[in-house]
Amino acid sequence: MMKILKGVMALALGIGFLATSLSVSAQESTLDTVLKRGKVIVGVSSEAPPFGFIDEKGELVGFDVDIAKLIANKMFGEDGRIEFLKQGFAARWANANSGKIDFGIQITTVHSQRPTKVAFTRSYVDSGIVLVSKKGSGIKVIADANKDDVTVANLTVPAQEDRAKRLFPKAKLIVFDSTAAQFNAVRTGRADAAQLDEPIARWYVSQQDDVQVTADWITPPTNNAVFTKLGDFTWWLVLDTYVSELRGGSLYPQYAEIYKKWFGERPPHTKFWIEAQLKAKENASK
């Protein structure tokens, strides 16, 4: 009787294990969904030049937009198989984890508790946080913002609030949902300074000669990554592989063209001999 009971229990455990395995294998990756759909849905900003913004023709453009198009192009082998969802920074994690977007590319920094909310690829562009202020404001370094009569424009993200409380607790804070609104607050005098990602800050400074970037940075250089929902290793691996090729592999030449288009220079390459070849080719064409 005991042997029969043990046999039944072993059979039950085996069936349970098989059922669990079949259930896991039956769960589709986002990759399967994207390929069946025939297009990829990407979350981007529409108010954060030069990464994602609406140009004078009313079209969505920017560095992030071009990188997403390049990934979609390599994924499907042709243009046009991409749909953009313009989203605020506060909606990023919810839209990624709910499946409303397949991935996001939105000048998003990897830090703090964010890796517990979404899955990040390796960095597709490097950044860091600085303060932008009007020339003549007296804010030349971060410490200059720590005064009662200074107002700083923040994004609606906890990280910026934490940094403000730590580095310039005396300053007044006003909050916006886009970097464009932050910068406009500085331009119009509503704020004395704004916390911005360094590439965005440099972009604005190149467009407007009445603003400046602080000499020191609020943060060390940081990684900005593509993000997607947690728990889908297959889809994450596909995206991370594309980013790896962009930064230091077969897609680097196209990545470098896009980078230079928006930032005026070619990005560093992880493989020095390819960089040397590209420089030699560039010099030969002059």
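- Cluster membership for F120 and L31, using ILVMFWY side-chain heavy atoms within less than 4.5 angstrom, is not shared.
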Handout entry: Full working for side-chain contact (heavy atoms from CB on, under 4.5 Å) between N223 and T109
Key = CA-CA 6 Å; N223 296 317; T109 305; over 6 Å; no
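- By the 30° and 60° cut-offs, the orientation of the rings of Y259 relative to F63 is perpendicular.
- Scanning both residues, V186 and A193, for their nearest heavy atoms gives CG2-C, 3.6 Å.
- Residues A145 and V152 approach most closely at CB-CG2, 4.4 Å, considering heavy atoms.
- Shown here for P267 and Y255, the closest heavy-atom pair between the two residues is CG-CE2, 3.5 Å.
- The shortest distance between side-chain heavy atoms of R163 and R166 falls below 4.5 Å.
- With hydrophobic clusters built from ILVMFWY side chains whose heavy atoms lie under 4.5 angstrom apart, L85 does not share a cluster with L60.
- A salt bridge is defined here as a Lys NZ or Arg NE, NH1 or NH2 lying under 4.0 Å from an Asp or Glu carboxylate O, and K74 with E245 fails to meet this definition.
- Between W262 and P199 the shortest side-chain heavy-atom distance does not fall below 4.5 Å.
- The distance from the CG atom of L239 to the OG1 atom of T121 is 7.0 Å, given to the nearest 0.5 Å.
- A salt bridge links R187 with D210; the closest basic N to acidic carboxylate O contact falls under 4.0 Å.
- Note on L173: it clusters hydrophobically with L167, by side-chain heavy-atom contacts below 4.5 Å among ILVMFWY residues.
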Exercise for the section: Kindly determine whether F51 and Y204 satisfy ring pair (Phe, Tyr, Trp, His ring centres under 6.0 Å), including the steps that lead there. Expected result: CA-CA 12 Å; F51 288 87; Y204 278 128; over 10 Å; no
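- K147 pairs by the salt bridge (charged side-chain N to carboxylate O under 4.0 Å, His left out) definition with nothing, not counting sequence neighbours.
- With hydrophobic clusters built from ILVMFWY side chains whose heavy atoms lie under 4.5 angstrom apart, V238 shares a cluster with F103.
- When side chains are defined from C-beta on, F176 counts as touching R190, because their heavy atoms get closer than 4.5 Å.
- Considering T108, N224, D64 in turn, D64 is the only one that fulfils the side-chain hydrogen bond (donor to acceptor under 3.5 Å, both in side chains) rule with Y124.
- The backbone N or O of I258 sits nowhere less than 3.5 Å from a side-chain atom of D66 that would complete a donor-acceptor pair.
- The ring pair (Phe, Tyr, Trp, His ring centres under 6.0 Å) test with F227 singles out one residue from W93, W236, W235, and that residue is W93.
- In this structure, CZ in R247 is found 10.5 Å from CZ in R122, a value given to the nearest 0.5 Å.
- Remark: R202 CZ to S127 OG distance equals 11.0 Å, nearest 0.5 Å.
- Using modelled atom types and a 3.5 Å distance limit, the side chains of Q212 and S133 yield a donor-acceptor pair.
- K69 places none of its side-chain heavy atoms less than 4.5 Å from the side chain of N73.
- Looking at every heavy atom in both residues, R37 comes nearest to D102 through NH1-OD2, 2.7 Å.
- With respect to the salt-bridge test (charged N to carboxylate O, under 4.0 angstrom), the residues K165 and E161 qualify.
- Minimum interatomic distance between K117 and N97 (heavy atoms only, all atoms of both residues): O-ND2, 2.7 Å.
- Side-chain heavy atoms closer than 4.5 Å link hydrophobic residues (I, L, V, M, F, W, Y) into clusters, and following such links, possibly through other members, connects F89 to F183.
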